[in-house]
Structure formats: structure tokens, C-alpha cells
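Note that ligands are numbered from 1 as they come in the structure, with each ligand's atoms numbered from 1 the same way. Since the structure is predicted, the reported quantities are computational estimates derived from the model, not experimental observations.
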Amino acid sequence: MRLEEHLAGCESDLKELVLRIGEVSKTISKGFASRQSHSDTHNVYGEQQMALDKWADEVLIADLRDSGIVRHLASEEQPDIIEFENATGNLGVVLDPLDGSSLIGVNLAVGTIVGIYRGNVLAPGREMVSAMYVLYGPLTTLTYTVKKGVHEFVLDDDGQFVLQEENIRISDGKIYAPGALRKNYLEGHLKWIEALEAEGYKIRFSGSFVADVHQILHKGGVFTYPGFVGKEQGKLRLLFEANPMGFIVTEAGGATSNGKVDLLSIQPNAVSQRVPIYIGGKKEIEMIEKLNSEV
Ligand code: AHG
Ligand code: MN
Ligand code: MN
């Protein structure tokens with residue numbers, strides 16, 4: 001089944017938006033080889049931008065501007081929320097145009113992460129109406145939800161996204177993807193890591209959030225980029241990374257947390273807000289929240 005058919009029962013503006021982003025992702029997937037370099041600019045987080053970060057951001061913003069159905073857009077590569085004056089629709093989009101871009105040079109999987117709201121994008125993640133990501137790896141896959149399950153499509157030899165797996169449910173699995181440095185772990189986090197290791201969890205961490213969470217979604221376990229000594233809010237961005245992927249994993253029967261509360265319940269106070277993130281099976285998420293409540 002093709003993506004367009006699978007979206008048949010979906011509200012027309014959401015259907016159009018998911019399909020549009022799918023089409024732009026095909027363009028992005030062909031543009032890697034000639035854009036591997038670092039650019040000479042930095043984003044608002046002080047991170048040096050890759051040429052690909054900026055290009056992916058440009059092509060996505062241009063298409064969403066032309067769509068007329070998106071009014072507000074917040075991108076990891078932009079300092080502020082963009083309002084499209086010409087919009088006739090009221091969708092709000094949050095976007096990490098290219099997650100894991102520092103890994104382009106070593107040919108590891110990277111991706112585009114998208115969250116979709118009806119209206120304000122500076123809202124808790126649970127108010128999203130849809131979320132999706134495209135993973136550029138050995139396969140190019142598109143995973144989406146419109147709150148009717150999580151479904152994965154693969155780009156076939158004819159350049160069509162065709163159904164790979166429907167109604168994905170996160171399974172029990174013993175892998176963990178631990179970001180940050182062990183020497184800087186906070187007390188509750190260290191206790192949690194030690195408990196996972198005592199249960200025989202294996203490390204699987206590539207440095208690409210979207211790829212690491214994709215693996216957790218399919219194999220079970222948990223991803224974390226925690227708060228740590230000196231950066232208690234961690235590294236990953238609430239709007240562009242944590243919320244969309246947390247929304248998808250939650251829709252697939254998992255959970256997400258900042259270590260204390262459901263991450264999707266957090267009211268963002270700024271576009272650039274960082275958040276400690278735990279995302280994966282309910283068991284692992286309940287464990288970190290319990291351990292943090294005891295320290
Ligand atoms: P981005 O490429 O969008 O800036 O995201 C990179 C993030 C995330 O993908 C990954 O989990 C994290 O950076 C890795 O950080 P470290 O290099 O500190 O491990
Ligand atoms: Mn990212
Ligand atoms: Mn990025």
C-alpha cells in the first residue's frame with residue numbers, strides 16, 4: 001500500500017502535509033553527497049551548522065511556505081517562530097530538518113523530525129495532531145502517526161513510499177542508548193543506568209537521536225540524553241526532537257519523560273528550550289521517575 005492510500009481517511013490538510021514532507025525528503029535524500037561540509041555559521045545553540053542542515057532547512061521551509069496550509073513554523077535551524085502571512089490554513093509545524101548531521105561524514109543514519117499542531121507550536125507535545133520522521137539510512141523510511149497508530153513506509157525502487165509495517169507497538173527489549181558522559185551523571189540517573197546494566201541491557205548509541213530512537217521503537221528498550229552536572233537541562237530540544245519522537249513512541253505504547261514527569265505535558269517556555277529526555281518502554285520510564293522521586 002502506498003503512503004497516499006494509507007492516509008485516505010486522514011483530514012485533508014494533514015494528509016497533504018505528510019505527503020509534502022515525504023516528497024521533500026526524497027529531494028533531501030539525494031542531496032547528501034554534495035553537501036557534506038561544515039558551514040561557517042552556528043545555530044542559536046552555538047553548534048556549527050553543516051551545509052546540509054541549512055539546505056534541508058531551506059527546502060523544507062520553502063515547501064511549507066508554498067503549501068498555504070502551514071501558518072507557523074519553528075525550526076531547530078531558525079532563531080524564532082516563522083509566520084507565513086500567505087497561509088490560508090492554521091497548521092503549526094516544529095522541525096529538526098536534519099538530526100544527527102554531524103554523522104554525515106561517517107555515513108551513519110540521519111533524519112528529518114516533524115511535529116504538527118493545529119495552531120500554536122509553543123504548546124505541550126500532547127497537543128500535537130501528528131508527528132513523523134524520515135530516516136536516511138541503508139533504507140529511506142518514513143514513520144508517521146495521526147493518533148491512529150504508528151506506521152512505517154519504505155522508499156521503493158520506483159521512488160514511492162510503500163507500507164513496511166503498520167500499527168507498530170514498542171516491544172520489551174534490553175538495549176539502552178545513553179547520551180552524555182558517565183562522569184557527569186546525576187545521582188538518580190546513575191542509579192537507573194546501573195539498574196539497567198545489572199539487568200543485562202546492551203548499549204546501542206550512534207549519536208543520531210532519530211536513528212537511536214527508531215531502533216528503540218522497533219527493538220524495545222530506552223533512549224536517554226539526561227540532564228547532567230553543568231547542563232541540568234541536557235542537550236536535546238523539547239520542540240524539535242523530544243516532543244515529536246516522544247509523541248510517536250507514546251502512540252506506539254511506550255512513554256517519554258524528563259526524568260520526573262511526562263515530557264509531552266511540559267509547557268514550553270521558549271522555542272530553544274532544552275530538556276532531559278527519556279524515551280522508550282513504559283517499564284524503563286517508570287523506573288527513572290521512581291528513582292528520581294527517591295533521591
Ligand atoms: P542535531 O544533528 O540535530 O544537532 O542533533 C544531534 C543530537 C542528537 O541527534 C544526538 O542524540 C546528540 O546530538 C548526540 O550528542 P553527543 O554528540 O553529545 O552525544
Ligand atoms: Mn537534532
Ligand atoms: Mn538538526
Side-chain angles (χ1 to χ4, degrees), residues 21 24-25 28 31-32 35-39 41-61 73-79 93-115 125 131-137 175-185 189 193 203-217 221-249 256 258 263 271-280:
I21 291 165
V24 177
S25 72
I28 292 171
F32 287 81
R35 295 177 179 87
Q36 300 181 53
S37 61
H38 281 87
S39 75
T41 55
H42 291 71
N43 61 22
V44 295
Y45 307 95
E47 297 158 343
Q48 187 176 19
Q49 292 172 305
M50 304 294 291
L52 210 49
D53 284 324
K54 295 178 72 173
W55 175 68
D57 192 45
E58 286 158 13
V59 294
L60 281 160
I61 289 175
L73 181 136
S75 165
E76 183 188 90
E77 304 306 333
Q78 298 294 327
V93 170
V94 292
L95 184 58
D96 183 350
L98 208 68
D99 177 73
S101 53
S102 61
L103 300 170
I104 295 294
V106 291
N107 199 23
L108 287 180
V110 297
T112 297
I113 305 172
V114 183
M132 64 186 284
Y133 63 92
V134 180
L135 191 59
Y136 311 102
I175 59 176
Y176 69 118
L181 298 178
R182 196 179 191 100
K183 69 182 180 66
N184 296 331
Y185 284 173
H189 184 74
I193 290 284
I203 289 184
R204 293 288 184 274
F205 188 83
S206 75
S208 170
F209 168 65
V210 63
D212 291 338
V213 174
H214 179 78
Q215 179 172 210
I216 299 295
L217 175 64
V222 64
F223 173 97
T224 179
Y225 208 108
F228 53 93
V229 172
K231 279 187 94 172
E232 282 67 19
Q233 290 311 306
K235 172 179 184 180
L236 298 190
R237 280 60 55 144
L238 175 59
L239 264 65
F240 314 114
E241 293 161 317
N243 272 339
M245 297 306 282
F247 188 82
I248 289 167
V249 170
T256 188
N258 66 356
L263 189 138
V271 168
S272 58
Q273 183 172 344
R274 296 178 194 267
V275 65
I277 178 170
Y278 298 81
I279 176 172

For N/O/S atoms only: which one belongs to Asp99 and is nearest the Mn ion (ligand 2)?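 This turns out to be OD1.
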Minimum-distance atom from the Mn ion (ligand 2) among N, O or S atoms of Glu241: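 Result for Glu241 and the Mn ion (ligand 2): OE2.
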How far is [atom] from its nearest protein heavy atom, and which residue and atom is that?
atom                    : value
atom 18 (O) of ligand 1 : Tyr225 OH, 2.7 Å
atom 7 (C) of ligand 1  : Leu236 CD2, 3.7 Å
atom 10 (C) of ligand 1 : Gly207 O, 3.2 Å
atom 2 (O) of ligand 1  : Gly100 N, 2.7 Å

For a distance under 2.8 Å, tell me if Leu98 has an N/O/S atom near the Mn ion (ligand 3).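 Yes, Leu98 qualifies, because one of its backbone or side-chain N, O or S atoms lies under 2.8 Å.
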If the cut-off is 4.0 Å to any non-hydrogen atom of [X], which atoms of ligand 1 fall inside it?
X      : answer
Glu76  : 1 (P), 3 (O), 4 (O)
Glu241 : 3 (O), 5 (O)
Ser101 : 2 (O)
Asp96  : 3 (O)

Run the contact test for Gly179 against ligand 1 with a 4.0 Å cut-off on heavy atoms, strictly below, and give the result. no
Please confirm whether Phe205 comes under 4.0 Å of ligand 1, counting heavy atoms of the residue only.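 Phe205: in contact with ligand 1 (<4.0 Å).
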Heavy-atom closest pair, residues Leu103 and Gly207: CD1-C, 3.5 Å
Determine the minimum heavy-atom distance between Ala131 and Phe247, stating which atoms define it.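 Shortest heavy-atom separation between Ala131 and Phe247 comes out as CB-CD2, 3.7 Å.
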Is there side-chain contact between [X] and [Y], with at least one heavy-atom pair below 4.5 Å?
X      : Y      : answer
Arg182 : Ile193 : yes
Ser208 : Asp99  : yes
Val249 : Thr256 : no
Phe32  : Tyr136 : yes

Three-point angle Glu76:OE1, the Mn ion (ligand 3), Asp96:OD1, rounded to the nearest 10°: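 Answer comes to 90°, rounded to 10°.
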Out of Ile277, Asp99, Leu98, indicate the one that has the non-hydrogen atom closest to atom 5 (O) of ligand 1. Asp99
Just to be sure I'm reading this right: ignoring hydrogens, which of Gln48, Gln49, Lys235, Met50 gets closest to atom 16 (P) of ligand 1? Compare them by their nearest heavy atoms. Lys235
Note: Val110, heavy atoms under 4.0 Å from ligand 1, region reported as neither
Pick one of side chain, backbone, both or neither for how Arg237 approaches ligand 1, counting any non-hydrogen atom pair under 4.0 Å.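 Just the side chain.
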Verdict with reasoning, Asn243 to Leu263, per side-chain contact (heavy atoms from CB on, under 4.5 Å): CA-CA 7 Å; Asn243 272 339; Leu263 189 138; 3.3 Å; yes
Glu77: which of Glu47, Gln49, Lys54 passes side chain to side chain contact (heavy atoms under 4.5 Å, CB included):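 Exactly one candidate clears the test, Gln49.
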Taking side chain to side chain contact (heavy atoms under 4.5 Å, CB included) as the criterion, tell me which of Leu95, Asp96, Val94 meets it with Pro244.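 Considering Leu95, Asp96, Val94, a side chain to side chain contact (heavy atoms under 4.5 Å, CB included) with Pro244 is found only for Val94.
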Aromatic rings Phe205 and Phe223: how do their planes relate, parallel, tilted or perpendicular, breaks at 30° and 60°?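 Because their plane-to-plane angle is under 30°, the rings of Phe205 and Phe223 count as parallel.
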Do the side-chain N and O atoms of Glu76 and Asn43 include a donor-acceptor pair separated by under 3.5 angstrom?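 Absent: no donor and acceptor within the cut-off.
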